[in-house]
Amino acid sequence: QVQLVESGGGLVQPGGSLRLSCAASGSIFSIDAMGWYRRAPGNQRELVATVTSAGSTNYADSVKGRFTISRDNAKNMVFLQMNSLQPEDTAVYYCNAAGRTWGRGTIAKFTSWGQGTQVTVSS
């Protein structure tokens, strides 16, 4: 089982910045993709950004040029640097990871979600 713990959310004024962090722990054999998703009130959860173990990134059009995703493979961590934040970025942000676990001589696939961290952009 793999646990994800996010941190770094909070309240920020429009135009401000925040940096989210997510740490994965557990019986991790490898992590392929890590990413961030968000859900605003009344909306479905949507992709924000993803990054593969090789460093390939993908961003939602709405955050391109403002958000940067990165990861530390050695520490099983992923980060989201958010700049030029706008009120429409207000949401609960969730960390996601997919890969393989190792246990009892078996390698198995996993997909895990964090508990979410609130980001509020308001003056």
Side-chain angles (χ1 to χ4, degrees):
Q1 202 158 6
V2 176
Q3 296 79 40
L4 302 180
V5 178
E6 302 112 331
S7 61
L11 173 64
V12 64
Q13 292 186 340
S17 298
L18 283 175
R19 186 174 188 249
L20 304 183
S21 300
C22 173
S25 63
S27 303
I28 299 170
F29 178 76
S30 64
I31 299 179
D32 300 324
M34 301 187 81
W36 292 94
Y37 293 73
R38 67 186 181 186
R39 176 156 53 198
N43 291 351
Q44 292 185 334
R45 186 159 53 189
E46 63 177 5
L47 178 146
V48 176
T50 60
V51 59
T52 69
S53 57
S56 296
T57 58
N58 180 50
Y59 294 93
D61 288 342
S62 60
V63 307
K64 283 181 181 177
R66 301 188 298 124
F67 291 10
T68 302
I69 190 170
S70 61
R71 64 187 281 179
D72 184 331
N73 290 331
K75 296 182 179 179
N76 292 326
M77 294 188 71
V78 63
F79 308 95
L80 186 68
Q81 178 65 44
M82 304 184 293
N83 299 328
S84 302
L85 283 161
Q86 300 301 318
E88 52 265 33
D89 295 315
T90 295
V92 178
Y93 284 70
Y94 297 90
C95 176
N96 171 270
R100 292 165 178 79
T101 58
W102 168 258
R104 298 182 180 179
T106 301
I107 295 176
K109 292 183 178 180
F110 78 89
T111 299
S112 293
W113 293 91
Q115 79 286 354
T117 185
Q118 178 70 47
V119 171
T120 302
V121 185
S122 175
S123 55

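Here, residue 1 is the first one in the sequence, and each next residue gets the next number.
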Which pairs would a plain distance check flag for residues 43-54, meaning a side-chain donor or acceptor within less than 3.5 Å of a matching protein atom at least two apart in sequence or in another chain?
unit_1	atom_1	unit_2	atom_2	d
Glu46	OE2	Arg38	NE	2.8
Glu46	OE2	Arg38	NH2	3.3
Thr52	OG1	Ala54	N	3.3
Thr52	OG1	Gly55	N	3.3
Thr52	OG1	Ser56	N	3.1

Task: Criterion side chain to side chain contact (heavy atoms under 4.5 Å, CB included) on Ile69 and Val78, from CA distance to verdict - done: CA-CA 7 Å; Ile69 190 170; Val78 63; 3.8 Å; yes
Open item on the list: Using the salt bridge (charged side-chain N to carboxylate O under 4.0 Å, His left out) criterion, which residues pair with Arg100? Sequence neighbours excluded.
Closed with: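 Testing Arg100 for salt bridge (charged side-chain N to carboxylate O under 4.0 Å, His left out), a comparison that skips the adjacent residues, returns Asp32.
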TODO: Go through the structure and list residues passing salt bridge (charged side-chain N to carboxylate O under 4.0 Å, His left out) with Lys109, not counting sequence neighbours.
DONE: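 Partners of Lys109 under the salt bridge (charged side-chain N to carboxylate O under 4.0 Å, His left out) test: none.
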Which atoms form the tightest heavy-atom contact between [X] and [Y], and what is the distance?
X     : Y      : answer
Arg39 : Ala91  : O-CB, 3.4 Å
Ser84 : Arg66  : O-NH1, 2.9 Å
Pro14 : Ser122 : CD-C, 3.6 Å

Open item on the list: Under the ring-ring contact (aromatic ring centres under 6.0 Å, His included) definition, can you give me all pairs with a residue in residues 48-107, not counting sequence neighbours?
Closed with: none
- [ ] Any ring-ring contact (aromatic ring centres under 6.0 Å, His included) involving residues 25-58? Give me the pairs, sequence neighbours left out, ordered by first then second residue.
- [x]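 Matches after skipping sequence neighbours: Tyr37-Trp113.
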TODO: Take atom CD of Gln1 as the centre, draw a 6.0 Å sphere, and report whether it contains more than 12 heavy atoms from other residues, nucleotides or ligands.
DONE: no
Once rounded to the nearest 0.5 Å, what's the spacing between atom [atom1] of [X] and atom [atom2] of [Y]?
X     : Y     : atom1 : atom2 : answer
Leu4  : Cys22 : CG    : SG    : 4.5 Å
Ser21 : Met77 : OG    : CE    : 5.0 Å
Lys75 : Ser25 : NZ    : OG    : 15.0 Å
Cys95 : Gln3  : SG    : CD    : 12.5 Å

Open item on the list: Under the criterion side chain to side chain contact (heavy atoms under 4.5 Å, CB included), I'd like the reasoning laid out for Met82 against Asp89: C-alpha separation, chi angles, the key distance, then a yes or no.
Closed with: CA-CA 10 Å; Met82 304 184 293; Asp89 295 315; over 6 Å; no
TODO: Any pair with a residue in residues 5-17 that passes side chain to side chain donor-acceptor pair (under 3.5 Å), sequence neighbours left out, goes on the list, sorted by first then second residue, please.
DONE: Glu6-Gln115, Ser17-Asn83
Task: Backbone of Gly103 reached by a side-chain donor or acceptor of Ser27 within 3.5 Å - done: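 Between the backbone of Gly103 and the side chain of Ser27 there is no qualifying donor-acceptor contact (under 3.5 Å).
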Task: Sole residue of Val92, Thr90, Leu20, Leu80 in side-chain contact (heavy atoms from CB on, under 4.5 Å) with Val119 - done: Leu20
